[in-house]
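See structure below.
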Amino acid sequence: MAETFTADALPADKAARYALLRQEIAAVTEGEPDEVARMASVAAMLAQAFPSFFWTGFYRVDPAKEAELVVGPYQGTLGCLRIAFGRGVCGAAAARRQTVNVEDVEAFADHIACDSRSRSEIVVPVLDGKGRLIAVLDVDSTHLGAFDAVDAEGLEAIVRDVFGSDQS
Ligand code: SME
């Protein structure tokens, strides 16, 4: 299984790569009730499938705090631990419950620079089967304008599959 989702074994075309990755992630995470285990698997498989991704991971809604995200499973360099709703790109996606695609992080007024090498990023809200916001998925790139509608649709489909139905 391990080598089937590495970049070399996946199609070069981005939409086709997302389509295959989506199936492989669904197969790996299916039936796993632990949300953190599913998040860790998604972060690892995205990082392996897209070596150009500099940071892939989750910020979870902290149930003990009001409107605050706390870092969850990720692959990449050290991320900030906590982000308030409305702050940075992650906080904007959480507050709006909408995907936020930032082509140039320096042009995003409230961007939180966890690592100055990050130049563009896309953040997708993660909703559970009851429509509650449980986390956001953050993917960063060292290139400007790395993400487009294909990424948005691909990432949204993956989080819908893995977190949008009640697995517990
Ligand atoms: N840049 C993000 C913070 C998270 S890190 O990049 C891992 C933001 O502005 O929300």
Side-chain angles (χ1 to χ4, degrees), residues 5-7 14 17-18 21-22 25 28-29 34-128 131-164:
F5 58 78
T6 58
K14 193 161 69 168
R17 183 172 292 216
Y18 272 113
L21 182 64
R22 183 180 172 186
I25 287 177
V28 166
T29 57
D34 189 285
E35 207 171 85
V36 172
R38 281 184 271 134
M39 288 181 182
S41 306
V42 170
M45 291 176 81
L46 280 171
Q48 272 189 283
F50 292 96
S52 62
F53 290 174
F54 175 65
W55 200 96
T56 63
F58 292 86
Y59 279 89
R60 308 177 75 206
V61 176
D62 185 344
K65 298 263 183 176
E66 191 161 336
E68 192 168 291
L69 298 165
V70 60
V71 77
Y74 67 92
Q75 302 264 320
T77 56
L78 181 66
C80 322
L81 269 71
R82 289 182 177 272
I83 300 173
F85 278 34
R87 291 283 335 278
V89 187
C90 289
R96 296 180 207 165
R97 293 164 64 104
Q98 272 173 5
T99 297
V100 180
N101 180 9
V102 177
E103 295 189 354
D104 178 357
V105 295
E106 282 169 23
F108 190 90
D110 195 27
H111 172 252
I112 302 165
C114 295
D115 189 313
S116 59
R117 286 170 291 180
S118 175
R119 304 298 304 281
S120 61
E121 71 179 271
I122 185 166
V123 181
V124 175
V126 179
L127 307 180
D128 70 7
R132 293 174 300 213
L133 182 79
I134 56 167
V136 297
L137 169 62
D138 178 7
V139 180
D140 292 19
S141 170
T142 53
H143 301 284
L144 283 172
F147 306 105
D148 58 18
V150 173
D151 296 285
E153 283 162 24
L155 296 170
E156 286 167 0
I158 288 167
V159 300
R160 210 168 41 240
D161 286 351
V162 179
F163 304 99

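The shown structure was predicted, so the numbers you read here are calculated from the model rather than taken from an experiment. Whatever order the structure lists them in is the order used to number ligands and atoms, beginning at 1. Sequential numbering from 1 along the given sequence is applied to the chain's residues. Just so you know, these numbers use all the heavy atoms, side chains as well, and skip hydrogens, waters and symmetry mates.
Looking at residues two or more places apart in sequence or on another chain, you find a ring pair (Phe, Tyr, Trp, His ring centres under 6.0 Å) between F53 and F50, F147.
S120 places a side-chain N or O within 3.5 Å of a backbone atom of H143 that can act as its donor or acceptor partner.
Residue pairs satisfying the disulfide (SG to SG under 2.5 Å) criterion with at least one member in residues 40-88, sequence neighbours excluded, are listed as follows: C80-C114. A side-chain hydrogen bond (donor to acceptor under 3.5 Å, both in side chains) check over residues 66-75, counting only residues at least two apart or in different chains, returns the pairs E68-R82.
Under the 4.5 Å side-chain criterion, counting only non-hydrogen atoms from C-beta, L69 is not in contact with R87. Side-chain contact between D138 and V89: absent, with no pair of heavy atoms (C-beta onward) separated by less than 4.5 Å.
Residues of the protein with a heavy atom under 4.0 Å from ligand 1 are W55, Y59, I83, G88, V89, C90, H111, I112, C114, E121, D138, D140, listed by chain and number.
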